[in-house]
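Okay, so here's the structure we're looking at.
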Amino acid sequence: MKTIAIIGASLAGLRSAQALRQQGFDGRIVIVGDEVHLPYDRPPLSKDFLLGKVEAVPLADQEDLDALDAEWHLGVRATGLPSGREVSLSDDTTVEADGIVIATGGLPRTIPGTHVLRTLDDAIKLREAFGTAQHIGVIGAGFIGAEIASSARALGKDVTVVEALPTPLTRVLGAEMGTACGHLHGDHGSTLITGINVDSVNVDGGINLADGRVVGADVVVAGIGTRPATDWLTGGPVNVGNGVLCDAGGVTNLRNVVAVGDVANCAGHRAEHWTSATEQAQIATRNLLAGETVATHTHGGYVWSDQYGVRIQFIGRATEDVRVEDGSIEDRKFVATYRDGDNPDDVVGIVAMSNARLFTRLRRSLK
């Protein structure tokens, strides 16, 4: 291969470029990103950035970027993939390449009248809105919604979180551990309303609930998940369906096209995690250079979240058999393991609050 185009200039795209160079590719690398910013770290946006403690955190310094020797096309969107060797861009140009890495990530699901938090520009707007607001409404009590609520409370705002599910984070952590995470809101003065849908959001920021109640808010943020950014691939040769369909090595139905990060549906699994994007990049680029799937990625599912001064860590998968191994849920400091239903001695998942050392030790026992 002489030219490889990477579509997406965030974490997965940058790590793919770095992996290509590490694996000896000395050809032309073209990186296309719809944001005008060079790659930055997204996790701080909902935490220290909103609190004004940091500005944008680069994912690579200038020396590292220079070492990539890549061509950057920033502030430009990919609009189509006419073939497996040509990418159409929003500035009416095209990029021709022997290999393509799709790393376009996800797009936030929206509700009219709300803010979202996905990009640096989103975070800048939200931080400005927080400056004059006193009552913050958050729709969605998942990790991103809870982090935004935590930051708003740290800024002295009144916070109400609305969650459609009866228990926050049930789909990720299960009911018992989701309940433990939900208690963090009340512990720190936020109001959590669960088991109710949002009907609409008022122009002035109030949240209309499906049961007729109205939650007062000066600013409303929707943290209700993302969808894979695949619209630009519609009608093209690459198969899509809840992401870019690929095998466990990130290889699509075209051997010279791979997918990584939030947009990749690898063997029926789409992981929206920071660590997954990094790990997938190593595997997918190796397969791209080989021209076939010579390595696969095992989905560990590691995720962390900082909420109200508590670090939550999770890896693996949640089951109904969950056991506290150390500490106390009431003290918000514990480690619990999830056991396999057919083989109760097998640990298939681990969750921790404020106990990183034991979590790290126990994760080695995962099946």
Side-chain angles (χ1 to χ4, degrees), residues 1-25 27-34 70 73 76-90 94-107 226-301:
M1 291 186 174
K2 295 182 178 179
T3 299
I4 294 177
I6 300 174
I7 312 304
S10 191
L11 174 67
L14 174 65
R15 294 293 184 254
S16 294
Q18 293 172 325
L20 286 168
R21 292 304 189 210
Q22 291 166 2
Q23 294 172 39
F25 179 71
R28 177 179 174 231
I29 296 178
V30 180
I31 303 176
V32 178
D34 59 358
H73 296 253
V76 181
R77 291 180 295 104
T79 57
L81 190 70
S83 72
R85 298 183 183 275
E86 184 180 12
V87 182
S88 302
L89 304 182
S90 59
T94 60
V95 175
E96 295 183 358
D98 308 302
I100 296 173
V101 179
I102 299 174
T104 43
L107 300 171
T226 65
R227 63 179 182 86
T230 57
D231 293 351
W232 66 284
L233 295 168
T234 301
V238 172
N239 294 335
V240 297
N242 187 29
V244 176
L245 299 180
C246 47
D247 65 15
V251 180
T252 71
N253 56 299
L254 304 181
R255 288 192 301 175
N256 69 312
V257 180
V258 299
V260 296
D262 292 5
V263 77
N265 187 330
C266 296
H269 182 83
R270 194 167 67 84
E272 299 179 354
H273 304 315
W274 196 97
T275 50
S276 295
T278 299
E279 293 165 357
Q280 288 175 1
Q282 289 286 338
I283 299 299
T285 52
R286 179 181 171 188
N287 293 331
L288 180 63
L289 294 176
E292 60 180 335
T293 302
V294 297
T296 58
H297 175 246
T298 301
H299 301 286

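This one's a predicted model, so the numbers in the text were calculated from it and none came from an experiment.
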Calculate, to the nearest 0.5 Å, the distance between atoms [atom1] and [atom2] belonging to [X] and [Y] respectively.
X      : Y      : atom1 : atom2 : value
Cys266 : His269 : SG    : NE2   : 8.5 Å
Leu14  : Thr278 : CG    : OG1   : 9.0 Å
Ile4   : Asp98  : CD1   : CG    : 8.0 Å
Arg77  : Leu89  : CZ    : CG    : 10.0 Å

A side-chain contact here means heavy atoms from C-beta on lying under 4.5 Å apart; do [X] and [Y] qualify?
X      : Y      : value
Glu86  : Leu81  : no
Val238 : Thr230 : no
Val32  : Val87  : no
Pro228 : Asp262 : no
Leu233 : Ile102 : yes
Gln282 : Gln23  : yes
Ile7   : Trp232 : yes

Looking at [X] and [Y], would you say the former's side chain and the latter's main chain have a donor-acceptor pair under 3.5 Å?
X      : Y      : result
Ser88  : Thr79  : no
Asn239 : Leu245 : no
Asn265 : Arg270 : no
Asn287 : Gly249 : yes
Gln280 : Gly261 : yes

Looking only at non-hydrogen atoms, find the nearest pair between [X] and [Y] and report the distance.
X      : Y      : answer
Ala259 : Thr252 : N-CG2, 4.4 Å
Ala103 : Gly13  : CB-N, 3.8 Å
Val95  : Ala5   : CG1-CB, 4.0 Å
Glu96  : Arg28  : O-NH1, 4.1 Å
Ala12  : Ala277 : CB-CB, 4.0 Å
Lys2   : Phe25  : O-CZ, 3.8 Å

>> Using the rule side chain to side chain donor-acceptor pair (under 3.5 Å), only one of Asn253, Thr296, Thr293 pairs with Asp247; which is it?
In response: Thr293
>> Using the rule given for side chain to side chain contact (heavy atoms under 4.5 Å, CB included), can you reason through Asn256 versus Met1, listing the C-alpha separation, both sets of side-chain angles and the distance that settles it, and then say yes or no?
In response: CA-CA 10 Å; Asn256 69 312; Met1 291 186 174; 4.2 Å; yes
> Under the criterion side chain to side chain contact (heavy atoms under 4.5 Å, CB included), which of Ile283, Leu288, Val258, Val294 is the partner of Val251?
Replying inline: Val258
> Between the side chains of Gln18 and Arg21, does any donor sit under 3.5 Å from an acceptor?
Replying inline: no
